Amino acid sequence: MRIGIDATALPSQPVGAGNYIIHFTRALAGQAADQPDVELFILAQAGRLPLLGVAPSERVHLVALPDRSAPRRLAWEQLGLPALARRLGLDLLHSLHYTLPVLAPCPVVVTFHDMTFFLFPHLHTLPKRIFFQNMIRFSARRAAALLAVSESTRQDSIRLLGLAPERITTTPLGATEGFVPVRDPARLEAVRQKYRLPERFVLNVGLLEPRKNLPALLRAFRRISAQFPHHRLTLVGRQGWMYEQVFQLVESLGLKEQVCFTGYVEGADLPAIYSLADVFVYPSLYEGFGLPVLEAMACGAPVITSRVSSLPEIAGEAGVLVDPQDEDALAGALERLLSDPAERARRGALGIERARAFTWERTARLTWPVYRAVVAI
């Protein structure tokens, strides 16, 4: 069974779906030796291939492709990928990011990360909205099987796309190896100095974009800032679409001295940042999975997150769940945790235990039966 893994959507600064591409591909390659009748062909842009961290072997082949801009990559997916799949003699192709080639010469499995293009279309640019709404619908009709990164995303896909439930399988994401509590004082201090982190802070990690609900977080933090004058709000992540409103709101709320922006942070440094935080807060309006919540829990950070979409599914009883539209509730949850070290420690311990159930090895193990069922048809 010759399986192609289309990892060409991997960006140079991975977040969210990019981290899925890296760690799922790595776990799948690591399990290839246990599948004696399988050969994997991992397709990636040459400049991004090192990010995957996959070594070639007898059963794992790396196919380096020219680096392309996002529009050119999508055009290549339709025009070049079918020809490559034929040359490689693929029995199955797995598209890791929503879309598939219209003229695919073999069955295709497609991963859906979320349904924001349908549920929150205003949070995307018009070209992306038009393209992905149409291509996701096409994937839903044409794919031999579909994967969802959470049960929430699976149910959204069934409801919005009219899918038969048996056509889509939930394969939850994992906490990456290395996301554990960091106790080494030297490492913690080095990361603190590298990103100029304050001594005490509330942490948020993710793209600076409307879906992350950062205006509500900023207003909630302002309500409690006088009560906790030594704490700062630290926002980790690169600038996404419409990020300007976040900086404008910081200015208008008078929070310029209380809010820190680090920009994009390398994955190797994130465990130390999670470990340094007093509280991790993630009041997103919608998440297909919400990987930062899992990462924070794995590192022992007490978590406040939204009572919507996949986030309760991930946080379980370990997280403090709030309505993301209720700024009073968000401010109250922050006040309670920042005032109670014992409760922070309890939530942190619950989070570490909860995170152990989510591994990339499990994600890969749940995927193999889908491949085999498709090829057997």
Side-chain angles (χ1 to χ4, degrees), residues 1-11 14 16-29 38-45 48-49 51-52 54 61-65 68 70-117 128 131-150 153-154 157 161 163 167-171 173 288-289 363-364 366-375 377:
M1 183 163 60
R2 296 164 73 89
I3 300 173
I5 306 298
D6 181 9
T8 57
L10 178 63
N19 284 323
Y20 163 80
I21 291 172
I22 290 173
H23 299 294
F24 168 73
T25 301
R26 195 178 293 171
L28 199 71
V38 165
E39 282 188 88
L40 285 183
F41 294 82
I42 298 172
L43 320 179
Q45 299 185 62
R48 318 285 167 79
L49 199 54
L51 295 175
L52 292 175
V54 174
H61 312 283
L62 305 183
V63 181
L65 300 165
R68 297 178 173 93
R72 288 179 178 274
R73 186 198 71 79
L74 290 168
W76 174 85
E77 178 181 82
Q78 297 304 319
L79 301 174
L81 181 53
L84 178 60
R86 279 191 291 270
R87 286 201 303 274
L88 295 175
L90 297 184
D91 299 300
L92 180 147
L93 175 68
H94 184 177
S95 170
L96 304 185
H97 192 260
Y98 295 110
T99 62
L100 78 169
V102 173
L103 300 177
C106 60
V108 183
V109 175
V110 178
T111 297
F112 285 166
H113 296 274
D114 58 46
M115 288 289 116
T116 57
F117 294 103
K128 284 184 68 175
F131 176 82
F132 279 102
Q133 283 182 351
N134 283 288
M135 287 304 296
I136 288 171
R137 287 192 183 100
F138 181 80
S139 295
R141 293 194 305 270
R142 183 63 66 88
L146 299 161
L147 302 179
V149 299
S150 67
T153 293
R154 177 175 177 270
S157 302
L161 302 172
L163 292 172
R167 292 198 59 231
I168 185 163
T169 301
T170 302
T171 55
L173 308 190
F289 184 85
T363 310
L366 291 171
T367 304
W368 289 110
V370 178
Y371 292 167
R372 294 192 174 279
V374 167
V375 173
I377 293 174

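If you're wondering where the values come from, they're calculated on a predicted model, not measured in any experiment.
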Exercise for review: I would like to know whether Val110 and Phe138 meet side chain to side chain contact (heavy atoms under 4.5 Å, CB included); could you show each step before the answer?
Suggested key: CA-CA 11 Å; Val110 178; Phe138 181 80; over 6 Å; no

Check your understanding: Between Leu93 and Leu100, does a side chain to side chain contact (heavy atoms under 4.5 Å, CB included) hold up when you go through it step by step?
Key -> CA-CA 9 Å; Leu93 175 68; Leu100 78 169; over 6 Å; no

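The two atoms that bring Leu146 and Ala140 nearest to each other are CD1-CA, 4.0 Å, heavy atoms only. Residues Ala44 and Leu49 come closest through the heavy atom pair CB-CD1, 3.4 Å. The heavy-atom pair separating Ala29 from Ile42 by the smallest distance is CB-CD1, 4.3 Å. Heavy-atom minimum distance, Gly288 versus Val149: O-CG2, 3.6 Å. Scanning both residues, Pro105 and Pro82, for their nearest heavy atoms gives CG-O, 3.6 Å. Across Arg154 and Thr170, no two heavy atoms sit closer than the pair CD-OG1, 3.1 Å.
The 12-atom threshold is not exceeded at CZ of Arg72, counting heavy atoms of other residues, nucleotides or ligands nearer than 6.0 Å.
With a 4.5 Å cut-off on side-chain heavy atoms, Gln78 and Met135 count as touching. Side-chain atoms of Val54 and Leu40, non-hydrogen and from C-beta on, never get closer than 4.5 Å to each other. Side-chain contact between Val370 and Thr171: absent, with no pair of heavy atoms (C-beta onward) separated by less than 4.5 Å. Counting heavy atoms from C-beta on, the side chains of Leu173 and Phe24 never come closer than 4.5 Å. Residues Ile3 and Trp368 are in side-chain contact: their nearest non-hydrogen atoms beyond the backbone lie under 4.5 Å apart. In this structure, the side chains of Leu51 and Pro14 come closer than 4.5 Å at one or more pairs of heavy atoms. Proximity of Tyr371 to Leu28: side-chain heavy atoms (C-beta onward) are separated by under 4.5 Å at one or more points.
With rounding to the nearest 0.5 angstrom, the NE2 atom of His23 is 10.0 Å from the CG atom of Leu52. Once rounded to the nearest 0.5 Å, the distance linking CZ of Arg2 with SG of Cys106 reads 11.5 Å. Atom CD of Gln133 sits about 8.5 Å away from atom CZ of Phe117, to the nearest 0.5 Å.
The one candidate from Val109, Leu147, Leu366 that meets the side chain to side chain contact (heavy atoms under 4.5 Å, CB included) condition with Thr169 is Leu147. Only one option out of Thr25, Thr111, Thr367 pairs with His94 in a side chain to side chain donor-acceptor pair (under 3.5 Å); it is Thr111. Just one of Asp6, Ile21, Leu10 meets the side chain to side chain contact (heavy atoms under 4.5 Å, CB included) condition when paired with Leu96; it is Ile21. Considering Arg68, Arg48, Arg73, Gln45 in turn, Arg73 is the only one that fulfils the side chain to side chain donor-acceptor pair (under 3.5 Å) rule with Thr8. In summary, of the residues considered (Phe132, Phe289, Tyr98), a ring-ring contact (aromatic ring centres under 6.0 Å, His included) with His113 occurs for Tyr98 alone.
With hydrogens and angles disregarded, no donor-acceptor distance shorter than 3.5 Å links the side chain of Ser139 to the backbone of Ala143.
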